[in-house]
Amino acid sequence: MQPFIVIRNYREDDELKCQGLCRDYIMSFFKKSFYCLCFREITLQFIVITWAILFIFLGVPLNFCLLTVPGCVFFLFTGTYFSFYAKAVELMKIKPNHALVAECYEPYIFRLKPNEVTYQIFMDDAPYEQSFKNKFRKKIIATVSVKSHSSIYNAAWIYRFAVAPNYSFQKVAEPMFSLILKNCIQLGYQTIECTISEWQENERDFYDNLGFATRQIYHKQIIGNSLTVMKTQLTFNLRKDEALQKQN
């Protein structure tokens, strides 16, 4: 039996699964962010300052001061982890206004990895009888939500976007975004906006292929000006896309 994916509207009973998916998706960037922060200048400065305080002011022997290196790395590890976890919890609490989910149907005995399988993708519902669907296990592997932008007039904002690990990001997200863009056009939005972080390389390539343009690049402060994260705000002109569709 070939597995398949159904892209459908979000339902209330999907909330817990979507929350878990968003949490796992955000936490998947934690290690990459941690390794990146380890080589920032502020990390070296923090180690040197801690070493100096212990040696000069507290009289700690120089050999024991070496323990500041793993101690500072551990502090950075826990700080990064809880920062990502706090962001995940923040997104989990936001109720979606308009959302889509991708529900995957796989056989109960399924030994292949998701990225090794070709999935059929259906919109709204699969053209199979319910007795056939009962032979598959179901799980939500992707979700995306949109709402009105808080500061840009007549613009939609993409949030709570997550794709489960091991599944093809491009193949799952592309049909979802095509439907999201069509829905936003019907709702009368002029543009659709989103924000990505510096370590989201796959997402950046995906948005570029869809035709999103960079609105602005800025640095979000974590600890003053010493520790910042580069963020990119992307925009997509829905009216231009609608005009092209009418011409075609």
Side-chain angles (χ1 to χ4, degrees), residues 5 7 17-40 42-43 76-77 79-94 96 99-102 104 113-115 140-147 149-152 155-181 184 191-223 227-238:
I5 296 172
I7 296 175
K17 296 178 181 178
C18 289
Q19 287 183 358
L21 181 62
C22 290
R23 180 197 61 221
D24 295 340
Y25 179 72
I26 293 175
M27 296 306 296
S28 67
F29 298 106
F30 153 68
K31 288 185 179 180
K32 186 182 293 186
S33 175
F34 169 69
Y35 295 142
C36 179
L37 292 175
C38 282
F39 296 96
R40 294 282 179 89
I42 187 175
T43 305
L76 181 63
F77 180 88
T80 306
Y81 179 87
F82 285 110
S83 296
F84 273 80
Y85 191 79
K87 183 62 178 179
V89 171
E90 178 185 346
L91 284 180
M92 287 165 60
K93 292 181 179 179
I94 301 175
L100 298 176
V101 298
C104 184
K113 295 181 180 180
N115 54 12
I140 294 177
I141 62 170
T143 182
V144 60
S145 305
V146 294
K147 63 179 180 178
H149 200 286
S150 59
S151 58
I152 301 178
W157 178 256
I158 297 174
Y159 68 108
R160 286 215 340 172
F161 175 39
V163 178
N166 300 324
Y167 286 87
S168 174
F169 185 91
Q170 184 79 20
K171 293 180 179 178
V172 175
E174 187 171 353
M176 296 183 72
F177 266 75
S178 297
L179 186 55
I180 281 289
L181 295 178
C184 289
T191 61
I192 186 166
E193 313 285 329
C194 67
T195 300
I196 58 174
S197 299
E198 57 185 292
W199 45 77
Q200 292 180 285
E201 292 135 7
N202 290 336
E203 289 78 355
R204 180 56 191 263
D205 294 338
F206 170 74
Y207 285 123
D208 287 341
N209 293 334
L210 281 182
F212 278 76
T214 300
R215 179 183 287 273
Q216 65 173 332
I217 298 176
Y218 61 96
H219 289 81
K220 182 178 180 182
Q221 294 184 352
I222 306 300
I223 304 176
L227 181 58
T228 61
V229 175
M230 187 175 71
K231 308 274 284 186
T232 304
Q233 184 177 349
L234 303 172
T235 182
F236 186 87
N237 192 337
L238 296 171

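- At least one side-chain heavy atom of Phe177 sits less than 4.5 Å from a side-chain heavy atom of Phe161.
- Side-chain contact check for Thr214 versus Arg204: some heavy-atom pair is nearer than 4.5 Å.
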Handout entry: From CA spacing to verdict: ring-ring contact (aromatic ring centres under 6.0 Å, His included), Phe77, Phe30
Key = CA-CA 9 Å; Phe77 180 88; Phe30 153 68; 5.0 Å; yes

Problem - Intermediate values then yes/no, side chain to side chain contact (heavy atoms under 4.5 Å, CB included), Val146 and Ile158 - result: CA-CA 5 Å; Val146 294; Ile158 297 174; 4.0 Å; yes

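- Heavy-atom minimum distance, Cys18 versus Arg160: CB-NH2, 3.9 Å.
- Under the 30°/60° scheme for interplanar angles, the aromatic rings of Phe212 and Phe236 are found to be tilted.
- The residue from Leu210, Ile196, Thr195, Ile192 that alone fulfils the side chain to side chain contact (heavy atoms under 4.5 Å, CB included) condition with Leu234 is Ile196.
- With contacts defined as side-chain heavy-atom distances shorter than 4.5 Å, the pair Ser197/Phe29 does not qualify.
- How far OH of Tyr25 is from CD of Gln200: 5.0 Å, rounded to the nearest 0.5 Å.
- At most 12 non-hydrogen atoms from other residues, nucleotides or ligands lie less than 6.0 angstrom from NZ of Lys171.
- Using bins of under 30°, 30° to 60° and over 60° for the plane-to-plane angle, the ring pair Tyr85/Tyr81 lands in the parallel bin.
- Atom OG of Ser83 and atom CD1 of Ile26 lie 12.5 Å apart (nearest 0.5 Å).
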Exercise for the section: Apply the test side chain to side chain contact (heavy atoms under 4.5 Å, CB included) to residues Ile152 and Gln233: give CA-CA distance (whole Å), side-chain angles for both, the deciding distance (0.1 Å), then the verdict. Expected result: CA-CA 12 Å; Ile152 301 178; Gln233 184 177 349; 3.7 Å; yes

Exercise for the section: Please assess Lys93 against Gln19 for the test side chain to side chain contact (heavy atoms under 4.5 Å, CB included), listing each intermediate value before the final yes or no. Expected result: CA-CA 8 Å; Lys93 292 181 179 179; Gln19 287 183 358; over 6 Å; no

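- The distance from the CD1 atom of Ile7 to the CD1 atom of Ile141 is 8.5 Å, given to the nearest 0.5 Å.
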